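The next block holds one structure in the form of structure tokens; read it before the comments.
Just follow the structure's listing: the first ligand is 1, and inside any ligand the first atom is 1. Note that the coordinates shown come from a computational prediction; the quantities given were computed from them, not determined experimentally.
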Amino acid sequence: MSQENEHVKCLIIGSGPAGYTAAIYASRADLKPVLYTGLLAGGQLTQTTEVENYPGYPDGIMGPAMMENFEQQARRLGTDIRFGYVSSVDFSSRPHKVVIDDSKTILADTVIISTGASAKWLGLESEQKYNGFGVSACAVCDGFFFRGQDVAIVGAGDTAAEEATYLAKLCRKVYMLVRRDEFRASKAMVHRVLNTHNIEVIYNSEAKEILGDGQVVTGVKIFNNKLHAEKILDVTGFFVAIGHHPNTEIFKGWIDMDENGYIITQPNSTRTNIEGVFACGDAQDHVYRQAVTAAGTGCMAAIDAERYLAAKEHAVTI
Ligand code: NDP
């Protein structure tokens, strides 16, 4: 296999709001960043429809168009944007070694990890068919489009409980599909769900098929595994809230993570346990998971990288 090495000051991995914001700041700080997009260039927002809660777009914007704007801004400011995925890393010495597409090794003085997270899906064919057309994995992003309508949400953890109560404020009725006869969510969250008048919890039930008219969602077929009975719920929105997984597998063994794989950063910074490696966006945030918060931590990561490099240079010259 041919090996080709390249030395860069700042390598950014991932192309969601965190990665592109880091790129914008790193470019303006003259770090000459190289950004590898990963396989899903533009990240999770390329899979949503309209984004109405990102500041600066008074009329809203489609997710893919917004990510093109991020990319163009980073490119105009000088970021070297490349399509490719990171296949392995070696953070045992500096500069850090990052292998791209199993073939090219980048030697990087600083690495900014912004690989994001992916929503878990049920795996139904109809779920993918109507993704963005009634099916969503983010109530905070998309709940607004279902104001006054009836929706269903699947999941029984804290995320599902939180999102169900969020949806209940906007929607007429929220059906909550719990696959066992009990919740996984904390007692306080369950209490809130059970005390919200327009949430109906349906236990022992799973979604079998999302129904639609070819364009948008019109219902969901559910199966009660205790009664062995099928039922159709008339809903226009179907929310999946069965968890997320951070895209951090390739950093395991090098970077400190919590039990769910989220990267641990030091308080009030994006520094990881490895000097010169910073993490931002959903790869290190399981609490907020918003485009605007990801962008904010991307900015922090670039500033942290710049200050780290400046301190190193200063130490060499004195
Ligand atoms: P969890 O892993 O805690 O819960 C996932 C839920 O989805 C479970 O109830 C599980 O059911 C259900 N589920 C999984 N697969 C399926 C399926 N195929 N069909 C139907 N249901 C399914 O994920 P969360 O995202 O809820 O939470 C992740 C972490 O973040 C947790 O530690 C949580 O406490 C934390 N969190 C905290 C919040 C807060 O404190 N405000 C808010 C949100 C999250 P089952 O129970 O049967 O396995």
Side-chain angles (χ1 to χ4, degrees), residues 44 47-48 116-131 134-143 151-169 174-196 199-211 217 219-233 235 237-249 256-265 279 281-294 297:
Q44 291 179 83
Q47 299 188 321
T48 63
S118 305
K120 291 182 189 162
W121 295 98
L122 296 172
L124 302 172
E125 206 177 295
S126 50
E127 175 187 53
Q128 288 313 308
K129 179 173 175 186
Y130 290 108
N131 190 357
V135 173
S136 165
C138 179
V140 178
C141 320
D142 298 326
V151 301
I153 183 164
V154 58
D158 281 325
T159 301
E162 203 166 76
E163 299 209 336
T165 48
Y166 179 84
L167 289 168
K169 290 191 196 117
V174 179
Y175 296 101
M176 189 164 184
L177 305 178
V178 174
R179 69 177 170 181
R180 292 183 293 136
D181 57 6
E182 61 176 353
F183 278 85
R184 179 181 294 272
S186 57
K187 281 202 171 65
M189 294 300 293
V190 176
H191 183 76
R192 272 176 65 186
V193 166
L194 298 180
N195 284 287
T196 304
I199 299 179
E200 180 180 333
V201 180
I202 306 181
Y203 292 99
N204 303 307
S205 292
E206 292 186 47
K208 281 285 156 211
E209 191 184 352
I210 320 298
L211 308 171
V217 168
V220 55
K221 188 191 285 178
I222 64 169
F223 181 74
N224 184 307
N225 49 39
K226 279 265 161 69
L227 305 172
H228 296 281
E230 266 183 13
K231 185 174 167 184
I232 288 175
L233 304 175
V235 293
F238 183 80
F239 290 85
V240 180
I242 60 171
H244 282 77
H245 54 85
N247 304 318
T248 55
E249 287 80 5
D256 286 349
M257 299 175 189
D258 69 13
E259 68 278 11
N260 294 317
Y262 287 92
I263 293 174
I264 296 170
T265 49
D282 287 11
Q284 56 90 51
D285 167 28
H286 62 86
V287 179
Y288 301 104
R289 291 201 305 253
Q290 298 301 300
V292 68
T293 49
T297 55

task = Give a yes or no on whether Glu249 atom CD has more than 12 heavy-atom contacts from other residues, nucleotides or ligands under 6.0 Å away.
result = yes
inquiry  = Can you list every protein residue that has a heavy atom under 4.0 Å from any atom of ligand 1, sorted by chain and residue number?
reply    = Leu122, Val154, Gly155, Ala156, Gly157, Asp158, Thr159, Glu162, Arg179, Arg180, Arg184, Ile242, Gly243
key: Qualifying residues under side chain to side chain contact (heavy atoms under 4.5 Å, CB included), relative to Ala160, sequence neighbours excluded   = Met176, Ala241
query = Got a donor-acceptor contact below 3.5 angstrom from the Ser205 side chain to the Tyr203 backbone?
reply = yes
key: Nearest heavy atoms of Ala161 and Ala185, plus distance in Å   = CB-CB, 4.1 Å
inquiry  = Check this for me: His245, atom NE2, are more than 12 non-hydrogen atoms of other residues, nucleotides or ligands nearer than 6.0 Å?
reply    = yes
inquiry  = If you compare all heavy atoms of Arg289 against all heavy atoms of Asp282, which two are closest, and at what distance to 0.1 Å?
reply    = CA-OD1, 3.5 Å
